[in-house]
> 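Once you've had a glance at the structure underneath, I'll fire off some questions.
If you're wondering where the values come from, they're calculated on a predicted model, not measured in any experiment. Heavy-atom basis, side chains included; hydrogens, waters and symmetry copies ignored.
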Amino acid sequence: MSASVVEVDAPAKVNLLLRVLARESSGYHSLESLFCAIGLMDRVRIERAAEGVALTVGGGVETGPEHQNLAGRAARWFLRQVGGGGVRIALHKRIPAAAGLGGGSSDAAATLRGMNRLFGDPLSEEALLQGAIEMGSDIPFFLGGSPLALGWSRGERLLALPPLPAVPVLVVHPGEAMPTGLAFERLSAMRGGEYRPRAGRLRLVDLSSWEGVMGVAENDFDPVVRAGVPRAGRAVEALRAGGAWVAMVAGSGASVFGVFPAGDDTGEAEARLGADGFAVWRCRTLEAMPEVRTEG
Ligand code: C5P
């Protein structure tokens, strides 16, 4: 029997590696990325209802117009696939929106996973992934089952990696946004309009340890966002001065994050950032994606 209520935690992600490659004929850029899910999480609670999608958003994070909310769009897509029905969705936001942390995409993936369970698993994993990539680039990663994965193209080509032991992460918001489209435009301008493959980037990498991952950590958006949002750069410097193993811009910004060695105290970095008025979230990298919980 299917459940009548499901609840799913929707984690944020950081890109430990993010390379922006050539612009495709669609206008979108091909990417190469190492995704890592972290324990800064929204929560999605879904109940069956008569018809359509009723979405409420709580938690005090500004998420923009409701009809554009990715959880709502994912739910409407799901209902079209299964030929009707209805749900009430309560979305509790903690992940800052439009900050490069994948919050909206994660909410959408959690909604798809939760609704599939609620309706008795009518859609295959392939069908969910196909719908996901049409709704947003980061959604397939959040559906993929592993908290650590390499992704290519627009994020639909994924290679799940064995998760690494959880380490501390600080996420910092500079108080300003960097719209995704603008970040791509500025990167393109910085490169002189054209992407030219850089020689010397081919190397054997080891992604089976944090030391190996830290050796490749890099984000092409880092200089772009730090130039456009100086406080993002200040936050990166404070994270480094406070002992972060690696600190950089998250996704296309404008939030930033620092990863710390296991067992390290993040207190000094938090104190530096707090004194400078930054919003800071302390969490850990995830060793597994959250399960769908059922009630009733
Ligand atoms: O994914 P989203 O529609 O939010 O992206 C906003 C803009 O960012 C796109 O219209 C496109 O100009 C740019 N973009 C890109 N390559 C990607 C993702 C986004 O050029 N892979």
Side-chain angles (χ1 to χ4, degrees), residues 8-20 31-44 61 63 70-71 74 91 93-113 129 132-133 135-164 166-173 177-178 180 183 207 210 213-214 216-222 225 232 239 244 246-260 281-291:
V8 197
D9 288 328
K13 60 83 185 158
V14 292
N15 305 85
L16 295 166
L17 170 73
L18 182 53
R19 286 188 186 140
V20 178
L31 306 173
E32 181 177 58
S33 174
L34 176 58
F35 292 101
C36 180
I38 59 173
L40 169 60
M41 302 201 272
D42 292 341
R43 180 166 297 171
V44 183
V61 173
T63 53
L70 273 177
L91 171 59
K93 292 288 304 174
R94 284 188 67 224
I95 306 171
L101 296 164
S105 295
S106 188
D107 298 341
T111 300
L112 294 173
R113 291 176 64 212
L129 282 167
I133 188 57
M135 280 181 271
S137 306
D138 291 332
I139 307 177
F141 163 66
F142 290 112
L143 280 178
S146 174
L148 189 69
L150 276 169
W152 291 272
S153 193
R154 282 183 53 195
E156 78 278 22
R157 295 175 62 80
L158 289 163
L159 178 66
L161 297 172
L164 294 173
V167 289
V169 175
L170 292 183
V171 174
V172 187
H173 199 285
M178 168 62 76
T180 309
L207 302 178
W210 279 116
V213 169
M214 292 303 132
V216 297
E218 185 183 16
N219 180 354
D220 282 349
F221 285 114
D222 198 72
V225 174
L239 286 163
V246 70
M248 60 188 176
V249 164
S252 59
S255 66
V256 310
F257 70 98
V259 179
F260 293 75
W281 294 262
R282 185 194 326 122
C283 60
R284 291 165 77 75
T285 58
L286 294 188
E287 294 181 3
M289 283 299 203
E291 297 289 338

> For D42 and L91, indicate whether the former's side chain and the latter's backbone hold a donor-acceptor pair under 3.5 Å.
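Not at all, since once roles are kept as given, no pair shorter than 3.5 Å links the two residues.
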
> So does A250 get a backbone contact from the side chain of K13, meaning a donor-acceptor N/O pair under 3.5 Å?
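No; judged by distance alone, with no hydrogens or angles, the pair does not exist.
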
> Indicate yes or no for a side-chain donor-acceptor contact from D138 to the backbone of G102 under 3.5 Å, with no hydrogens or angles considered.
no

> How would you list, by chain and number, every residue that makes a side chain to side chain contact (heavy atoms under 4.5 Å, CB included) with A244, sequence neighbours excluded?
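Expected list: L239, A247, F260.
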
> Among all residues two or more places apart in sequence or in another chain, which pass the side chain to side chain contact (heavy atoms under 4.5 Å, CB included) test with L207?
L34, L150, L161, V205, V213, V216

> Can you sort out the partners of S33 under side chain to side chain donor-acceptor pair (under 3.5 Å), two or more places apart, ordered by chain and number?
N15

> Indicate the ring-plane relationship of W281 and H173, choosing parallel, tilted or perpendicular according to the 30° and 60° boundaries.
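Because their plane-to-plane angle is over 60°, the rings of W281 and H173 count as perpendicular.
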
> Excluding sequence neighbours, so at least two apart, what forms side chain to side chain contact (heavy atoms under 4.5 Å, CB included) with E32?
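Here the qualifying residues are R19, L21, W152.
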
> Quick one: list whatever passes side chain to side chain contact (heavy atoms under 4.5 Å, CB included) with V246, sequence neighbours left out.
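In terms of side chain to side chain contact (heavy atoms under 4.5 Å, CB included), with neighbours along the sequence ignored, V246 is linked to M214, A217, V259.
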
> By side chain to side chain donor-acceptor pair (under 3.5 Å), which residues pair with S153, not counting sequence neighbours?
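Partners of S153 by the side chain to side chain donor-acceptor pair (under 3.5 Å) criterion, ordered by chain and then number, come out as E156.
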
> Salt bridge (Lys or Arg N to Asp or Glu O under 4.0 Å) with R284: which residues, sequence neighbours excluded?
none

> For the pair L164 and T285, evaluate side-chain contact (heavy atoms from CB on, under 4.5 Å) and give the outcome as yes or no after the intermediate values.
CA-CA 8 Å; L164 294 173; T285 58; over 6 Å; no

> For a quick test of reading the model, state the closest non-hydrogen atom pair linking A99 to S255 and the distance between them.
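Minimum heavy-atom separation between A99 and S255: O-OG, 2.6 Å.
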
> List for me each residue that meets side chain to side chain donor-acceptor pair (under 3.5 Å) alongside R43, sequence neighbours excluded, and say none if there are none.
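R43 satisfies side chain to side chain donor-acceptor pair (under 3.5 Å) with D9 only.
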
> Counting only heavy atoms not in E291 (residues, nucleotides, ligands), do more than 12 fall under 6.0 Å from its CD?
no

> Would a 4.5 Å heavy-atom cut-off, applied to side chains only, mark P290 and P11 as touching?
yes

> Do any pairs count as a salt bridge (charged side-chain N to carboxylate O under 4.0 Å, His left out) and have a residue in residues 247-256, sequence neighbours left out, and if so which ones?
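Non-adjacent pairs meeting salt bridge (charged side-chain N to carboxylate O under 4.0 Å, His left out): zero.
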
> Can you tell me which residue pairs pass the salt bridge (charged side-chain N to carboxylate O under 4.0 Å, His left out) test with a partner in residues 99-111, sequence neighbours excluded?
K93-D107

> Among all residues two or more places apart in sequence or in another chain, which pass the side chain to side chain donor-acceptor pair (under 3.5 Å) test with R157?
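With neighbours one apart ignored, the set is empty.
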
> Around atom CZ of R282, are there more than 12 heavy atoms from other residues, nucleotides or ligands closer than 6.0 Å?
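Count not over threshold, so no.
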
> Using a 4.5 Å cut-off on heavy atoms from C-beta on, say whether the side chain of R94 contacts that of V61.
no

> Listed by chain and number, what are the ring-ring contact (aromatic ring centres under 6.0 Å, His included) partners of F221, not counting sequence neighbours?
F184

> Any non-hydrogen side-chain atom of V14 less than 4.5 Å from a side-chain atom of M248?
no

